Q: 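Take this structure, written in structure tokens, and hold onto it; I'll ask about it next.
The structure displayed is predicted, hence computed values, not measured ones. Naming convention: chains lettered A, B, ... in sequence-line order (proteins, then strands); numbering from 1 in each chain. Excluded from the calculations below are hydrogen atoms, water molecules and symmetry mates; all remaining heavy atoms, backbone and side chain alike, are included.
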There are 2 protein chains.
Amino acid sequence: MHDELARFEAYLRTRGLRMTRPRETILRTFLETEGHLSADALLRETRKVDPRIGQATVFRTIHLIAEAGLAREACNDEGARTYEHLAGHPHHDHLRCSQCGRIIEFCDPEIEQRQAAIFAQFGFEPQGHMMELTGVCPECRRAMVARRSRQ
Amino acid sequence: MHDELARFEAYLRTRGLRMTRPRETILRTFLETEGHLSADALLRETRKVDPRIGQATVFRTIHLIAEAGLAREACNDEGARTYEHLAGHPHHDHLRCSQCGRIIEFCDPEIEQRQAAIFAQFGFEPQGHMMELTGVCPECRRAMVARRSRQ
DNA sequence: CAATAATTTGATAATGATTCTCATTATACG
DNA sequence: CGTATAATGAGAATCATTATCAAATTATTG
Ligand SMILES: [Mn+2]
Ligand SMILES: [Mn+2]
Ligand SMILES: [Zn+2]
Ligand SMILES: [Zn+2]
């Protein structure tokens with residue numbers, strides 16, 4: 001946590017920007033929340049600490065946090081963009097149920113390795129990737145089967 | 001092309017919907033265009049054929065086309081959602097240059113295989129996936145190196 | 001074919017997320 | 001302090017997408 005605050009401040013300095021009270025409140029709140037968070041959800045959480053923080057500031061700050069390498073976009077399927085922080089949170093990808101929205105996080109070393117190979121094959125300098133598998137989770141499958149047999 | 005029109009009509013029938021003039025014009029135009037297309041771009045193309053087609057109809061129809069399994073969302077990074085048709089277009093994923101926006105299409109059998117294994121591992125019924133690698137393409141890397149050494 | 005029911009269309013308004021504008025406030029630094 | 005610079009928050013603006021609804025199309029039936 002301290003580590004992240006320091007890293008954020010360092011990043012801001014390299015860009016001639018300042019670590020301010022609202023920025024610190026937003027970052028602390030963000031780091032305390034696990035899971036995927038939209039800007040709006042982050043605004044609500046942040047306002048529990050300081051109710052006069054503005055929406056625009058949250059949008060501006062979450063961008064800065066991502067640029068500083070402390071967060072990344074999680075999913076962007078529809079509706080609001082969501083972010084997840086990277087503190088004590090190793091890299092992973094997402095498996096999502098299209099029926100109930102449940103998200104499972106996983107990491108597959110073989111896939112990661114192949115991805116690196118593809119960057120190399122096309123001469124790209126790697127920056128990142130996003131992979132999301134979509135399907136129907138076991139619970140929802142059961143519910144679907146039950147519904148079908150009832151009819 | 002004929003094949004796709006027939007498949008679309010069949011899909012519409014299963015839902016009690018009708019194959020109409022605007023829907024056919026939109027689908028034909030979509031199939032004639034290679035690459036990734038936003039609803040707005042598709043509207044512009046379609047209006048070259050029939051200028052009085054409405055924007056709402058294009059949004060509605062591209063949804064139906066995707067539901068019918070004739071198209072999928074391509075990328076949705078920012079700005080407008082884009083679609084690509086699946087006719088004579090085998091499955092692939094995307095490698096995108098963050099500097100110039102260039103997109104390379106590729107398919108890696110090993111990754112596809114591991115993805116199937118992950119669906120199985122968590123008991124999910126697979127529906128699809130989206131994977132996008134982001135990096136800097138060779139041209140843009142050269143340009144960046146050149147700029148740096150000039151300073 | 002006429003009559004009727006159902007679906008589709010396009011213009012327009014509404015929505016929701018994000019970004020912009022700008023007057024006011026906070027911060028850094030000599 | 002005093003001055004310069006950056007940041008803030010309220011509200012307006014923007015952009016993609018969806019909803020609304022009266023008019024037009026299409027299918028179905030007698
Ligand atoms: Mn996650
Ligand atoms: Mn493609
Ligand atoms: Zn589920
Ligand atoms: Zn490039």
Q: Report the residues that fulfil side-chain hydrogen bond (donor to acceptor under 3.5 Å, both in side chains) with B:Arg21, sequence neighbours left out, ordered by chain and then residue number.
A: none
Q: Hey, is the side chain of A:His63 poking within less than 4.0 Å of OP1 or OP2 on C:dT19, counting only N and O atoms?
A: yes
Q: Using whole Å, report how far CG of B:Leu64 lies from C1' of C:dT7.
A: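 Going from B:Leu64 (CG) to C:dT7 (C1'), I get 12 Å.
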Q: Counting side-chain heavy atoms from C-beta on, which of C:dT18, D:dA16, D:dA10 comes nearest to B:Ala80?
A: D:dA16
Q: Can you tell me the distance, in whole Å, between the CZ atom of B:Arg47 and the C1' atom of C:dT9?
A: 12 Å
Q: If the sugar-phosphate is the primed atoms plus P, OP1 and OP2 and the base is the rest, what is the B/S/- string for nucleotides 21-30 of chain C, using protein heavy atoms under 4.0 Å?
A: B----BB---
Q: What is the distance, to the nearest angstrom, from the CG atom on B:Leu43 to the C1' atom on C:dA11?
A: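 After rounding, the reported distance stands at 13 Å.
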Q: Residues two or more places apart in sequence or in another chain: which of them pass ring pair (Phe, Tyr, Trp, His ring centres under 6.0 Å) with B:His92?
A: B:His89, B:His94
Q: Does a salt bridge link B:Asp3 with B:Arg7, judged by any charged N lying under 4.0 Å from a carboxylate O?
A: no
Q: State which residues pass side-chain hydrogen bond (donor to acceptor under 3.5 Å, both in side chains) with B:Glu67; sequence neighbours excluded, sorted by chain then number.
A: B:Tyr11, B:Arg15
Q: B:Leu12 has an atom CG; how far is it from atom C1' of D:dA27, in whole Å?
A: 14 Å
Q: Do any of residues 23-37 of chain A sit with a heavy atom less than 4.0 Å from DNA chain C, and if so which?
A: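 When residues 23-37 of chain A is checked for heavy atoms under 4.0 Å from DNA chain C, there are no hits whatsoever.
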Q: Which comes earlier along DNA chain C counting from the 5' end, the contact point of A:Phe59 or that of B:Gly16, where each point is its nearest nucleotide?
A: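 Going by which nucleotide is closer to the 5' end, it is B:Gly16.
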Q: Taking the side chain as every heavy atom from C-beta outward, state whether B:Leu95 and B:Glu105 have any pair of such atoms under 4.5 Å apart.
A: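 No, too far: nothing below the 4.5 Å cut-off.
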Q: Drop me the distance from B:Leu27's CG to B:Met1's CE, to the nearest 0.5 angstrom.
A: 7.0 Å
Q: Could you check how far CG of B:Asp50 sits from C1' of D:dT25, rounded to whole Å?
A: 14 Å
Q: What nucleotide among C:dT8, C:dT18, C:dA11 has an atom nearest to a side-chain atom of B:Leu17?
A: C:dT8
Q: Given atom CZ of B:Arg44 and atom P of D:dA16, what is their separation to the nearest angstrom?
A: 10 Å
Q: Nearest whole angstrom, please: distance from the P of D:dA16 to the CD of B:Gln55.
A: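 One finds 9 Å between P of D:dA16 and CD of B:Gln55, rounded.
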Q: Is the side chain of A:Arg47 donor-acceptor paired with the backbone N or O of A:Ile53 at a distance under 3.5 Å, no angle test?
A: yes
Q: Scan the side chains in residues 109-125 of chain A for donor-acceptor partners under 3.5 Å anywhere in the protein, sequence neighbours excluded, and list what turns up.
A:
residue  : atom : partner  : partner atom : Å
A:Glu112 : OE1  : A:His91  : NE2          : 3.4
A:Glu112 : OE2  : A:His91  : NE2          : 3.1
A:Arg114 : NE   : B:Asp108 : OD1          : 3.4
A:Arg114 : NE   : B:Asp108 : OD2          : 2.9
A:Arg114 : NH2  : B:Asp108 : OD2          : 2.5
A:Gln115 : OE1  : A:His129 : ND1          : 3.3
A:Gln115 : OE1  : A:His129 : NE2          : 3.4

Q: Does the distance from a Lys or Arg side-chain N to an Asp or Glu carboxylate O, for A:Glu9 and A:Arg18, drop under 4.0 Å?
A: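 Salt bridge flag = no for A:Arg18 with A:Glu9.
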Q: Can you tell me how far P of C:dT19 sits from CD1 of A:Ile62, to the nearest Å?
A: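 That distance rounds to 12 Å.
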